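Bear in mind the structure is a predicted one, so any value in this text is a computation, not a measurement. Sequence lines set the chain letters: A, B, ... in the order given, protein chains first and strands last, and positions in each chain run from 1. All values below come from the heavy atoms of this structure, side chains included, with hydrogens, waters and symmetry mates left out.
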2 protein chains.
Amino acid sequence: MKAEQIRQLDHVFYPSTVAVIGASDDDGFSQALLSTKLSDSVFLVNPRRSELHGRRCYTTILDIEEEIDYVVIAVPALNVPGVLAECIAKGVKTAHVFSAGFSETGLEDRKALEDEVKETARGRIDLIGPNCMGIQCPGSGLAFIPDASSEEGPVGVISQSGTFAEQFLSTGKLRNIRFSKVVSYGNAVDLDCPDFLEYLAHDSRTGVIALYMEGTRNGERLKAAMSEASRLKPVVALKGGITEHGRRAASSHTGSLAGAPEIWSSLFRQTGVVQVESFDELRDAALALSCAPLPEGDGAAIITNSGGFSVLETDLCVKAGLEVPQFTEATKAELSKMIPLAGTSISNPLDAWPIYYNLPGTPGTLADAIGVLAHDANIHSIVLHFDEVSYLRRVLGEAVEGLLRELIKVMVQGCKYARDEVGKTVMVCVALDAYSEDEEDRRYHLMAKKAFEDEGFPVYPALNDAIKAVFNLYRYSIARRTRLV
Amino acid sequence: MKAEQIRQLDHVFYPSTVAVIGASDDDGFSQALLSTKLSDSVFLVNPRRSELHGRRCYTTILDIEEEIDYVVIAVPALNVPGVLAECIAKGVKTAHVFSAGFSETGLEDRKALEDEVKETARGRIDLIGPNCMGIQCPGSGLAFIPDASSEEGPVGVISQSGTFAEQFLSTGKLRNIRFSKVVSYGNAVDLDCPDFLEYLAHDSRTGVIALYMEGTRNGERLKAAMSEASRLKPVVALKGGITEHGRRAASSHTGSLAGAPEIWSSLFRQTGVVQVESFDELRDAALALSCAPLPEGDGAAIITNSGGFSVLETDLCVKAGLEVPQFTEATKAELSKMIPLAGTSISNPLDAWPIYYNLPGTPGTLADAIGVLAHDANIHSIVLHFDEVSYLRRVLGEAVEGLLRELIKVMVQGCKYARDEVGKTVMVCVALDAYSEDEEDRRYHLMAKKAFEDEGFPVYPALNDAIKAVFNLYRYSIARRTRLV
């Protein structure tokens with residue numbers, strides 16, 4: 001490895017031609033690549049087939065006349081060195097080895113096989129993997145998931161786990177996240193996390209980097225790459241294997257030496273990388289960092305229709321490290337004019353259920369209340385909780401759809417004012433249970449979600465998720481300020 | 001209050017006649033009560049209406065000829081003392097005051113109003129509230145949510161927050177939770193948490209008690225009630241307002257004095273009550289405690305199709321206080337016979353994706369693997385992660401539905417063997433995102449969920465939730481053993 005030097009990886013992410021070695025009727029790589037704009041430049045290799053997916057299938061890569069920039073190798077582990085040698089003979093620039101069955105098995109002969117792959121590749125071909133999903137790059141058409149969005153966006157993902165790379169793409173689509181590049185790098189015998197991190201740090205199409213890793217072979221290089229990347233853009237990271245048992249699991253997953261948790265926490269802190277604790281938190285933070293302005297302080301306002309949630313979410317904010325400050329007297333006076341006394345709380349959290357139903361033209365709408373909060377000097381971010389669909393359906397019956405559209409417009413308008421005119425961070429929770437079975441109920445919720453997303457707001461199904469996202473935005477703003485000093 | 005004496009509340013939960021004072025076209029109480037078996041014994045009162053919901057509407061409760069056992073009072077706060085006096089004159093046994101606008105406002109005159117309500121009721125009528133949803137009791141028909149399940153079940157809920165009582169009922173329906181009684185008790189000027197706790201402790205229809213509270217006026221009595229209840233059945237509790245800001249929010253929600261968090265934690269520990277940290281965890285623990293056998297130790301096995309989740313969920317288990325022990329050599333040898341090497345991990349967590357697709361008749365099915373794990377002496381509970389639907393749909397196309405049914409049968413069979421024949425705790429995660437929009441995908445997931453639920457397994461949409469539920473079962477088993485010594 002070229003230790004201190006940034007590897008130029010444009011050819012890795014933007015190949016002109018791709019071959020899948022070990023293509024079959026149901027392999028996801030062929031299906032994915034054939035569904036993107038690269039489709040016409042995809043070649044399939046399988047010695048047992050002459051045709052696949054309606055096109056010619058080659059016996060070996062050497063039989064393809066065209067130059068091949070990038071190969072996906074999906075053959076049994078023991079065949080990988082031979083196939084790799086053929087790719088090198090063919091002049092392929094990049095090989096992604098999907099095949100598993102190497103050092104992660106814990107078996108000596110499989111470690112030796114991995115070393116053989118590493119030695120074969122060294123200096124002759126750029127290698128991703130083995131034991132990984134490779135690269136999804138909407139800008140070039142490289143893909144490992146067939147039905148992911150082809151739209152480019154600001155989020156770059158580097159994941160040692162193939163599942164999490166896939167989960168980013170599949171659930172990201174549901175959460176309005178668009179990606180610049182998603183990398184699953186597995187056992188990392190050649191191209192490793194720092195290489196991808198350096199590349200994405202300088203990639204103008206990437207605005208935020210989300211990182212999942214289980215270990216590293218070169219801590220110093222990783223530290224330098226993290227430090228450089230987080231100086232240029234937000235980097236949020238999840239470290240797998242922070243407990244002893246978890247490290248054992250990491251070792252059988254990607255063959256990683258995982259290291260003590262304190263070392264990792266301190267590494268993240270020193271390099272300005274925001275460390276999170278679960279996959280959902282990683283994805284949710286990436287979404288927030290990709291579209292919301294950073295809060296200028298730790299004061300959060302919560303607007304909800306529930307006293308119980310007011311109490312618990314305040315606890316959660318404070319445990320997380322945010323404040324839920326009292327509103328100024330001026331704010332309270334303004335709010336008192338529009339919110340009735342009984343069953344509400346003109347305080348922070350604002351439990352203001354009666355005005356959730358006020359339409360434009362009535363004395364106080366939710367947009368008016370949000371506008372008042374936005375100007376409170378103690379408040380730097382606003383979390384809006386929307387969980388009114390079943391109530392509205394019950395009291396409104398068939399009129400609900402039209403009124404709901406109006407109410408959503410009012411809420412979106414208030415949030416836009418707070419963000420665009422006053423500069424506050426605004427997050428939205430459109431509360432929805434994963435197992436909800438009422439299709440009409442789901443449709444209304446998704447309608448609300450889409451209305452907020454269309455205006456660029458991050459939307460979460462649980463209030464906790466929205467609050468954690470605010471907190472991670474705040475942590476990044478602190479990390480950035482500290483490093484700029 | 002009759003301090004040291006258990007209040008007999010059968011008449012509170014099982015009235016023969018109910019009146020709603022302040023009934024209207026869209027009040028939830030009338031709608032709820034008119035949809036239950038109490039319907040013919042429900043009387044509506046509203047001086048401005050002669051008819052409501054197709055039946056006679058009375059001017060005052062005194063105009064009703066029949067005896068009234070229970071009233072719901074939903075009138076403006078200032079009218080409550082007068083209405084309450086009429087109820088007492090009428091000989092009503094129990095009054096539930098829904099109306100808000102009392103001590104929770106923080107206003108002196110409203111505190112005085114609450115005191116007036118308290119004095120009016122004292123010794124003359126049992127009073128629930130004010131500022132609460134009251135009681136849902138499928139066994140009697142008492143209800144505050146119109147579309148909740150009318151089926152009785154083992155979970156009893158006591159909640160200071162109305163929203164959480166509602167959320168228990170609405171999301172409990174989606175999670176296969178059935179309730180004996182759900183109580184929202186609000187400002188608790190008369191009937192308080194200890195009264196309900198003592199009653200549910202001795203209620204033969206209640207098998208598990210879930211508690212949400214923000215504070216208490218009588219710590220000693222609460223302690224005695226918790227201690228007694230948790231000696232008789234599992235009690236799991238969520239305390240709102242454990243931070244300073246949270247206590248302020250609690251004060252404006254239910255007028256509670258919330259107390260220092262350490263005092264509460266120690267109270268829960270001393271009384272054998274399992275304390276949890278979020279509403280979802282409370283509900284999820286109640287589900288697990290209502291249907292799963294207790295684990296006999298801290299050793300958890302995780303079966304998944306993802307290496308990344310293996311690592312993170314192991315971290316989560318260990319952070320929570322569970323072990324993810326290595327399997328015995330005998331277990332590993334058995335598993336090695338059925339699970340291929342590449343891309344799997346024959347270790348705990350068991351990352352065994354290839355055998356997720358094996359149908360009966362093939363050498364190793366998931367049922368076989370679960371059977372092997374169940375007999376491992378290090379393993380006390382098993383968490384099965386199912387997240388295969390999109391993969392199966394991609395590789396199987398139209399054949400997916402039939403095959404999926406078969407695979408689900410295999411999984412359920414394995415889980416039943418582990419639980420019923422070997423006595424292990426088994427939890428299932430059927431992974432589903434709240435915002436998933438693909439209706440067919442959702443249908444398949446819900447089909448799997450239902451198959452497990454029909455056999456009495458707790459099912460959760462996220463692996464984290466299932467693990468936390470195992471942990472809370474384990475904590476309860478420890479608390480119980482400790483107290484039995």
Could you measure the distance from the [atom1] atom of [X] to the [atom2] atom of [Y]? Nearest 0.5 Å is fine.
X      : Y      : atom1 : atom2 : result
A:L238 : B:D315 : CG    : CG    : 8.5 Å
A:L312 : B:L282 : CG    : CG    : 9.5 Å
A:S347 : B:E104 : OG    : CD    : 12.5 Å

Just so I understand: if I count every heavy-atom pair under 4.5 Å between each of A:V324, A:L396, A:D280 and chain B, which residue has the most?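 Looking at each option in turn, the highest pair count goes to A:V324.
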Contact winner vs chain B - A:R443, A:K319, A:R394, A:K449, heavy-atom pairs under 4.5 Å: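 Highest number of pairs under 4.5 Å: A:R394.
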Under 4.5 Å from any heavy atom of chain B, what part of [X] do you find: side chain, backbone, both or neither?
X      : answer
A:Y435 : both
A:E166 : neither
A:E439 : side chain
A:L446 : side chain
A:L107 : side chain

Would you indicate whether the side-chain heavy atoms of B:L463 and A:F279 approach each other to under 4.5 Å?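 When only atoms from C-beta onward are counted, B:L463 and A:F279 do not touch, as no gap falls below 4.5 Å.
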Pairwise side-chain contact, B:K450 with A:E437, heavy-atom cut-off 4.5 Å (strictly under):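 A side-chain contact under 4.5 Å is absent here.
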Structural part of B:E313 lying under 4.5 Å from a heavy atom of chain A: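 For B:E313, no heavy atom lies under 4.5 Å from chain A.
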Under 4.5 Å from any heavy atom of chain A, what part of B:Y460 do you find: side chain, backbone, both or neither?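 For B:Y460, the contact with chain A is made by the backbone alone.
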Are there residues of residues 169-177 of chain B whose heavy atoms fall under 4.5 Å of chain A's heavy atoms? If so, which?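 Checking residues 169-177 of chain B against chain A gives B:T171, B:L174, B:R175.
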Listed by chain and number, what are the salt bridge (Lys or Arg N to Asp or Glu O under 4.0 Å) partners of B:D298, not counting sequence neighbours?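 So B:D298 forms no salt bridge (Lys or Arg N to Asp or Glu O under 4.0 Å) with any residue.
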